[in-house]
Structures are given as C-alpha cells and as structure tokens.
Amino acid sequence: MTALDRDEDFDRLLARFTAAAESGDGERFAACFTEDAVYHDYIYGPHTGRASIAHMMEHMFHRDADDYRWEMFDGLRRGDMGYAWSLSSFTSTVPEYAGKKVVIDGMSRFVLRGELVAEYFESVNGGVAMAQLGVEPPRMAGVMRRWAGWLQERPETKAYLASPPGARAARIAGER
C-alpha cells in the first residue's frame, strides 16, 4: 500500500462515526472512541470519556439541531493520525434561531488508537455558521474570543509559538 492508497479501515470508521452522529445515538457514537477519548468540539468544548461524548451527542448536538447530516470525504490516515474534510448541516432548534438551516465546511483530525478515536479535533469557520443563524455581531465576537483562547492555550500552539520561524521545515529538511 502506498501513502495515497485508501485506508478502508479508516473509511469504515468515518462511516460509523458520521452515521452514529446523524442518528443521535450517543452510545453508538461513543463506541467509535476509546474509553478515555477526548472530543474537542468547537461549540460545546472538550468532552472526555465515552459517557461525556455520548451525552454531548444526544443532549447537546441533537437538543440544538434537527435534520442533522455529517459526511466525511477524502479520508487519509498516516499511522495513528487521520484526517478528513467534511460537510455537515442542521436546522437549528435553539429558540432564537429555530428553523434556520446551517451548512458547515470543516476539517477533522483524528488521533487513533487501533481502530478507535483517542482524540478528535475539528477546524471549521464557525463565523460562517453563526452568520447563517443570524447571530448578532457582538455575540459572535465574544464566541470568537473564546475560540481564540482555546487555540492559544493548546500545548501544540504554545510549542509552535515558542519555536523560531522555519524551525520545523529546517528539521525536516535535515532529516532527509
């Protein structure tokens, strides 16, 4: 298998992951994760462990949205890391935004342990989602400040900011 071949096991995990998310079955969704997994959600924050991940899916995602869809495309796996581009959509059930349809373009990063997700990260432009909902600009600014804080506090972000420009590229070039 070359680096560009499809990883059918990862593709199956992505299919189980999104089907479970769409169904709203928290236990089924949590079964895609290790017992101690962390799901880093850009709206609801981090959730650790299967019980918390199941609760987030059933009692947050599906509390606040109907007609939830999530599809992953172009999944790639390299060792214990997986990536996929996604489109997701929902109709808001949050009273002040009820009935508004939202579509989100995102990237997902999976830290894998065997065939399960040990840590999940997503990167989306939440401002686009909030604009579709009609969120007022001052509230959007507050949410974006919270997201910026989360990004700045991550250990990998701190390590990146502490290293000199070009350090990673120079290290990789030196390994060749």
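Side-chain atoms are counted along with the backbone in the values below, which use heavy atoms only and exclude waters and symmetry mates.
Counting non-hydrogen atoms of other residues, nucleotides and ligands closer than 6.0 Å to CZ of Arg146 gives a total above 12. Annotation for Arg12: atom CZ counts as buried by contact number, over 12 foreign heavy atoms lying within 6.0 Å.
Side chain of Glu58 to backbone of Gly26: a donor-acceptor contact under 3.5 angstrom is found. Side chain of His59 to backbone of Ala54: no donor-acceptor contact under 3.5 angstrom is found. Using a distance-only test at 3.5 Å, with no hydrogens or angles considered, a donor-acceptor pair links the side chain of Thr93 to the main chain of Ala65. At least one donor-acceptor pair closer than 3.5 Å links the side chain of Thr18 to the backbone N or O of Leu14. A donor-acceptor contact shorter than 3.5 Å is absent between the side chain of Thr48 and the backbone of Asp36.
Ion pairing between Glu156 and Arg109 holds under the 4.0 Å rule for side-chain N and carboxylate O. A salt bridge does not link Glu35 to Arg113: none of the charged nitrogens lies less than 4.0 Å from a carboxylate oxygen. Using a cutoff of 4.0 Å between basic side-chain nitrogens and carboxylate oxygens, Glu96 and Arg139 are scored as salt-bridged. Arg50 and Glu27 are not joined by a salt bridge, as no carboxylate oxygen comes within less than 4.0 angstrom of a charged side-chain nitrogen.
A donor-acceptor pair shorter than 3.5 Å can be found between the side chains of Thr91 and Asp67. Judged purely by distance below 3.5 Å, without hydrogens or angles, the side chains of Tyr120 and Ser108 pair a donor atom with an acceptor atom.
Note that CD of Glu22 is 8.0 Å distant from OG of Ser89, once rounded to the nearest 0.5 Å. In this structure, Leu76 CG and Met81 CE are separated by 12.0 Å, a value rounded to the nearest 0.5 Å.
Between Tyr42 and Ala129, the shortest heavy-atom distance links the atoms OH-CB, 4.0 Å.
You'll find the ring centres of Phe10 and Phe17 outside the 6.0 Å limit. Outside the 6.0 Å centre-distance limit, the rings of Tyr39 and Tyr44 are not counted as a close aromatic pair.
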